[in-house]
Amino acid sequence: MSKSFPIISKSHYSPINTNKAMKNLIDKVAELNATFMKEAMAQLENGNKAAGTRARKVSHELEKAMKEFRKLSLEASKQ
């Protein structure tokens, strides 16, 4: 028989887990932003079309990360 574990929704972060998750997310946003800037500048300065494609892809990932940050930030403010 396998054990089943309860699913913990994101709305049930403990204060410590929320802070750790926010720290990790902030680090991810900083990394994505650096990548975006590099690729966007390559497109702007060198006319590199492939870099523009990569910059757009990273901008989408940044958008998702920022939405997650908003959720975590609201959760942290309720604690």
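Residues: numbered from 1 along the sequence shown. Bear in mind that the values here come from a model prediction, so they are computed numbers and not experimental data.
- Residues Met22 and Leu72 approach most closely at CG-CB, 3.7 Å, considering heavy atoms.
- Under a hydrophobic clustering in which Ile, Leu, Val, Met, Phe, Trp and Tyr are joined whenever their side-chain heavy atoms come within less than 4.5 Å, directly or via other members, Met37 and Val29 fall into the same cluster.
- The shortest non-hydrogen separation linking Leu32 to Val58 is O-CG1, 3.3 Å.
- To the nearest 0.5 Å, atoms CD (Glu31) and CG (Leu62) are separated by 10.5 Å.
- No donor-acceptor pair under 3.5 Å is formed between the side chain of Asn46 and the backbone N or O of Asn48.
- The distance from the NE2 atom of His60 to the CZ atom of Phe36 is 14.0 Å, given to the nearest 0.5 Å.
- Heavy atoms only, all atoms of each residue included: Thr18 and Ala76 are closest at CG2-CB, 3.7 Å.
- Although no hydrogens or angles enter the test, the distance criterion places a donor-acceptor pair under 3.5 Å between the side chain of Ser59 and the main chain of Arg56.
- Remark: Lys28 NZ to Lys23 NZ distance equals 15.0 Å, nearest 0.5 Å.
- Residues Ala42 and Ala51 share a closest heavy-atom pair of CB-CB, 3.7 Å.
- Gln43 contributes atom CD, which lies 10.0 Å from atom CZ of Arg54 (distance to the nearest 0.5 angstrom).
- Remark: side-chain polar atoms of Ser73 are not paired, donor with acceptor, to backbone N or O of Phe69 under 3.5 angstrom.
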